[in-house]
Chemist: 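For reference, the structure I am asking about is given below.
All chains are named by letter (A, B, ...) in the order of the sequence lines, taking the proteins before the strands, and each is independently numbered beginning at 1.
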Amino acid sequence: MSSVSLAAYLTLALILFCIGLFGALTKRNAVIVLISIELMLNAVNINLVAFAKYSINPGLTGQIFSLFTITVAAAEAAVGLAILIALYRNRQTVNVDEMDTMKR
Amino acid sequence: MTGEMIAFFFLALTAIAGGVLLINLSNVVHMVVALIFTFIAIAGIYITLSAEFVAVVQVLIYSGAITIIMLFGIMLTRHQEKEKRAPRLKVILTGLAIGLFFLIMYGKIKDLDFGQQNAELHIDNTKKIGIELYSHYVIPFELTSVLLLVALIGSIILAKRDDDEKEAKK
């Protein structure tokens, strides 16, 4: 019988998700916004792996799903950074407050 | 207090401390370095959840690849060394909304317990994941390779310098 309960893992994931959400909404550097989104995806991965061990029907499905999530997150980071570089070349800024061309 | 519990508390504390440093530090490079601690602590959490392969992948992809690519992104773009804070009202409102979200979710999950666990997951973990990936999940696995190819080519095209535009300027 394990001593650490499922609720402890879910709470840790929730705290990390809230930190990532706060960073993504309040930080002004676009690179930090991107990395906050990675933190949120990581929190979701903790949930998937925790449910893979402590669910009614335990199995490897959660771990495999988290591997797919990590792959998609890596692809997202690469494309996001490429968009950022292209934007920097045109606007000379990485500040998200100044990226408002489509609003004007 | 068992060893697993001590390991969990230590790793959880490291992960949350890295996240709090990400929010509070002012130097952009320091923020990314603080997040490396979070990613490595999360890898430790995966080991306590008997997911060794996912833990190794986490160290490779997150604390290796993604952090380095983000550092490249910071170095290649000009930025203020000290990041300016967002307006105070916005920070407070966002904090309140996220706090409300946290309280609602915590109220739901704090009693969640299915009372069962599979202690067999860590035995031949990598081998089992490999067998599953190449039998039951083979189509999503192959689609992932297509996704990675598309992301690779797409990011090269996006970040490539536009030669026609350069020549038109001359």
Chemist: Chain A heavy atoms under 4.5 Å from B:K110: which part of the residue, side chain, backbone, both or neither?
Modeler: backbone
Chemist: Just give me the residue among A:A50, A:G23, A:G62 that pairs up with chain B most often, heavy atom to heavy atom, under 4.5 Å.
Modeler: A:A50
Chemist: Heavy-atom pairs under 4.5 Å with chain B: which of A:I35, A:T71, A:V79, A:I85 has the most?
Modeler: A:I35
Chemist: Among A:L67, A:N42, A:L84, A:L87, who wins on heavy-atom pairs under 4.5 Å with chain B?
Modeler: A:N42
Chemist: Same cluster or not: are A:I32 and B:I36 linked, directly or through other Ile, Leu, Val, Met, Phe, Trp or Tyr residues, by side-chain heavy atoms under 4.5 angstrom apart?
Modeler: no
Chemist: Under 4.5 Å from any heavy atom of chain A, what part of B:L76 do you find: side chain, backbone, both or neither?
Modeler: both
Chemist: For A:F22, is it the side chain, the backbone, both, or neither that has a heavy atom closer than 4.5 Å to a heavy atom of chain B?
Modeler: both
Chemist: For atom CZ of B:F102, decide whether the heavy atoms of other residues, nucleotides or ligands shown that lie under 6.0 angstrom number more than 12.
Modeler: yes
Chemist: Against chain B, label A:F51 side chain, backbone, both or neither, depending on which of its atoms sit under 4.5 Å from a heavy atom there.
Modeler: side chain
Chemist: If I measure from the heavy atoms of chain B, does A:L60 come under 4.5 Å with its side chain, its backbone, both, or neither?
Modeler: both
Chemist: Under 3.5 Å, is there a donor-acceptor pair between the B:T48 and A:Y9 side chains?
Modeler: yes
Chemist: Which heavy atom in A:K27 sits nearest to a heavy atom in A:V96, and how many Å separate them?
Modeler: O-CG2, 3.7 Å
Chemist: Relative to chain A, which segment of B:I66 carries a heavy atom at a distance below 4.5 Å: side chain, backbone, both, or neither?
Modeler: side chain
Chemist: So which of A:V72, A:L39, A:L34, A:I64 has the largest heavy-atom pair count under 4.5 angstrom toward chain B?
Modeler: A:I64
Chemist: Can a donor-acceptor pair be found between the side chains of A:N45 and B:Q58 at a distance below 3.5 Å?
Modeler: no
Chemist: B:I61 versus chain A, heavy atoms under 4.5 Å apart: side chain, backbone, both or neither?
Modeler: side chain
Chemist: Looking at every heavy atom in both A:A52 and A:Q63, which two are closest together, and how far apart are they?
Modeler: CB-N, 4.0 Å
Chemist: For B:Y106, which atoms come within 4.5 Å of any heavy atom of chain A: side chain, backbone, both, or neither?
Modeler: both
Chemist: What is the minimum heavy-atom distance between A:V49 and A:S66, and which atoms define it?
Modeler: CG2-OG, 3.8 Å
Chemist: In terms of heavy-atom proximity below 4.5 Å to chain A, should B:A65 be classed as side chain, backbone, both, or neither?
Modeler: neither
Chemist: Most heavy-atom pairs under 4.5 angstrom with chain A, which of B:A15, B:G18, B:S155?
Modeler: B:S155
Chemist: Identify which part of A:T11 has an atom lying under 4.5 Å from any heavy atom of chain B, answering side chain, backbone, both or neither.
Modeler: both
Chemist: Give, as side chain, backbone, both or neither, the part of A:Q92 having an atom under 4.5 angstrom from any heavy atom of chain B.
Modeler: both
Chemist: Given heavy-atom pairs under 4.5 angstrom as the criterion, report whether the side chain, backbone, both or neither of A:A13 touches chain B.
Modeler: neither
Chemist: How many angstroms lie between atom CG of B:L35 and atom OG of A:S36, to the nearest 0.5 angstrom?
Modeler: 7.5 Å
Chemist: Decide if atom CZ of B:F37 counts as having more than 12 heavy atoms of other residues, nucleotides or ligands within a radius under 6.0 Å.
Modeler: no
Chemist: For the interface with chain B, which of A:I83, A:I46, A:T61, A:L21 has the highest count of heavy-atom pairs at distances below 4.5 Å?
Modeler: A:I46
Chemist: Give me the atom names and distance for the closest heavy-atom approach of B:V29 to B:M75.
Modeler: CG2-CE, 4.3 Å
Chemist: Any non-hydrogen side-chain atom of B:M70 less than 4.5 Å from a side-chain atom of A:L81?
Modeler: yes
Chemist: Top residue by heavy-atom pair count (under 4.5 Å) with chain A, among B:T144, B:T38, B:D111?
Modeler: B:T144
Chemist: Checking B:V20 against chain A: side chain, backbone, both or neither under 4.5 Å from a heavy atom?
Modeler: both
Chemist: Does B:T67 use its side chain to pair, donor to acceptor, with the backbone of B:G64 at less than 3.5 Å?
Modeler: no
Chemist: Does any backbone or side-chain atom of B:I42 lie under 4.5 Å from a heavy atom of chain A? Answer side chain, backbone, both or neither.
Modeler: side chain
Chemist: Under a 4.5 Å heavy-atom cut-off, does chain A meet the side chain of B:I16, its backbone, both or neither?
Modeler: both
Chemist: Which atom pair, heavy atoms only, marks the closest approach of B:I45 to B:A12?
Modeler: CD1-N, 4.2 Å
